[in-house]
Amino acid sequence: MEMTKEALIAFCSVGKKVSVDEPFNAPGRRNRIVFDALRHTASKKIFGLVYEKKDTLYLDLKCDPARIDELVNTMPYILPGQHFTKQHWITLDINQLSSKLILGKLIEASYQLTD
C-alpha cells in the first residue's frame, strides 16, 4: 500500500484522541531512524510506533499474545515486534499491506489493548 508516514499517522488517529511525539529520538541520533509514538492523549500509553527504515514504512502495534503466531505465520506483511516485546507486539510492513480495512482493525485492537 502506498502511504506516507504522515498519512499513516493521520489514518491511525482517525476517531481517536491521539498525541504524537518522538520519545526515542535523541538529538545526536537524528540521522538514524525517527520513531513517532502514537499515544492515548489522556494516559500517554503508546499504542503504535511509526517509522521508516531502508525506504520501507513500518507500524508497531500491540496485539493479543494469543493471535501473534497466527498473524505472523499467515500474513507476510506482519512480523514479530521489532522494538517492543515480541510477546505483545507486532510490526506491519505497510508497503506490503493491501487493505486499509485490515490495517484499521489492527490499529483499533492495539488502541483498545492499551486503553
Side-chain angles (χ1 to χ4, degrees):
M1 167 182 324
E2 291 288 324
M3 190 176 280
T4 65
K5 188 176 187 182
E6 293 76 18
L8 179 58
I9 291 169
F11 185 81
C12 291
S13 303
V14 171
K16 299 170 185 65
K17 294 182 180 179
V18 176
S19 63
V20 180
D21 62 15
E22 298 178 353
F24 310 113
N25 303 307
R29 295 183 168 192
R30 294 301 291 187
N31 61 337
R32 298 181 185 170
I33 299 170
V34 175
F35 297 95
D36 288 287
L38 308 174
R39 299 177 181 268
H40 291 265
T41 301
S43 70
K44 303 295 183 206
K45 290 182 182 178
I46 295 174
F47 72 91
L49 191 65
V50 179
Y51 57 98
E52 291 175 298
K53 181 178 175 184
K54 297 182 182 175
D55 297 323
T56 301
L57 184 60
Y58 293 99
L59 173 62
D60 291 355
L61 295 171
K62 186 124 186 191
C63 186
D64 177 353
R67 296 195 62 217
I68 290 177
D69 285 340
E70 173 193 347
L71 293 172
V72 168
N73 292 327
T74 60
M75 300 182 178
Y77 50 84
I78 298 181
L79 310 166
Q82 301 296 301
H83 295 97
F84 296 115
T85 62
K86 291 172 180 41
Q87 296 85 9
H88 297 280
W89 291 80
I90 55 175
T91 296
L92 281 69
D93 179 341
I94 301 302
N95 296 350
Q96 289 188 38
L97 191 66
S98 61
S99 169
K100 282 190 175 181
L101 179 63
I102 292 172
L103 177 59
K105 287 182 179 184
L106 292 168
I107 292 166
E108 184 61 30
S110 180
Y111 190 78
Q112 296 300 323
L113 284 169
T114 54
D115 190 20

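The chain is numbered in sequence order, starting from 1.
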Could you go through I78 and L106, starting from their C-alpha distance and side-chain angles, then the distance that decides it, and tell me whether this counts as side-chain contact (heavy atoms from CB on, under 4.5 Å)? CA-CA 11 Å; I78 298 181; L106 292 168; 4.0 Å; yes

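- Here the shortest heavy-atom pairing between L59 and C12 reads CD2-SG, 3.9 Å.
- In this structure the side chain of M1 never reaches within 4.5 angstrom of the side chain of Y77, judged on heavy atoms.
- Every residue two or more places apart in sequence or in another chain was checked for a salt bridge (Lys or Arg N to Asp or Glu O under 4.0 Å) with D93, and none qualifies.
- Considering every non-hydrogen atom in both V34 and E22, the closest pair reads CG1-OE2, 3.6 Å.
- Between M3 and L97 the shortest side-chain heavy-atom distance does not fall below 4.5 Å.
- Rounded to the nearest 0.5 angstrom, D60 CG and T91 OG1 are separated by 3.5 Å.
- Applying the salt bridge (charged side-chain N to carboxylate O under 4.0 Å, His left out) test to every pair with at least one member in residues 99-115, sequence neighbours left out, gives these pairs: K16-E108.
- Y51 and I9 fall into different hydrophobic clusters, where Ile, Leu, Val, Met, Phe, Trp and Tyr side chains are chained together by heavy-atom contacts under 4.5 Å.
- The CZ atom of R67 sits 8.0 Å away from atom CD1 of I90, with the distance rounded to the nearest 0.5 Å.
- Across all their heavy atoms, L71 and C63 have their closest contact at CD1-SG, 3.6 Å.
- To the nearest 0.5 angstrom, L38 atom CG is 8.0 Å from I107 atom CD1.
- With respect to I94, the side-chain contact (heavy atoms from CB on, under 4.5 Å) criterion is satisfied by exactly one of V50, L103, T56: L103.
- From T74, atom OG1 reaches atom CG of D69 across 10.5 Å, with rounding to the nearest 0.5 Å.
- A continuous path of hydrophobic side-chain contacts links V72 to M75 [ILVMFWY only; heavy atoms under 4.5 Å].
- In this structure, the separation between CD on E2 and CG on L57 is 10.0 Å, given to the nearest 0.5 Å.
- Although no hydrogens or angles enter the test, the distance criterion places a donor-acceptor pair under 3.5 Å between the side chain of S110 and the main chain of F47.
- Residues V20 and F11 share a single hydrophobic cluster, defined by chaining ILVMFWY side chains whose heavy atoms lie under 4.5 Å apart.
- Contact check for L49 versus W89: no side-chain heavy atoms found under the 4.5 Å cut-off.
- A donor-acceptor pair under 3.5 Å is formed between the side chain of H40 and the backbone N or O of Y111.
- With sequence neighbours excluded, no residue forms a side chain to side chain donor-acceptor pair (under 3.5 Å) with E52.
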I46 and T114: side-chain contact (heavy atoms from CB on, under 4.5 Å), yes or no, with the steps? CA-CA 7 Å; I46 295 174; T114 54; over 6 Å; no

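- Using modelled atom types, no side-chain atom of S13 and backbone atom of V18 make a donor-acceptor pair closer than 3.5 Å.
- The aromatic rings of F24 and F35 lie perpendicular to each other, with more than 60° between the two planes, well past the 30° mark.
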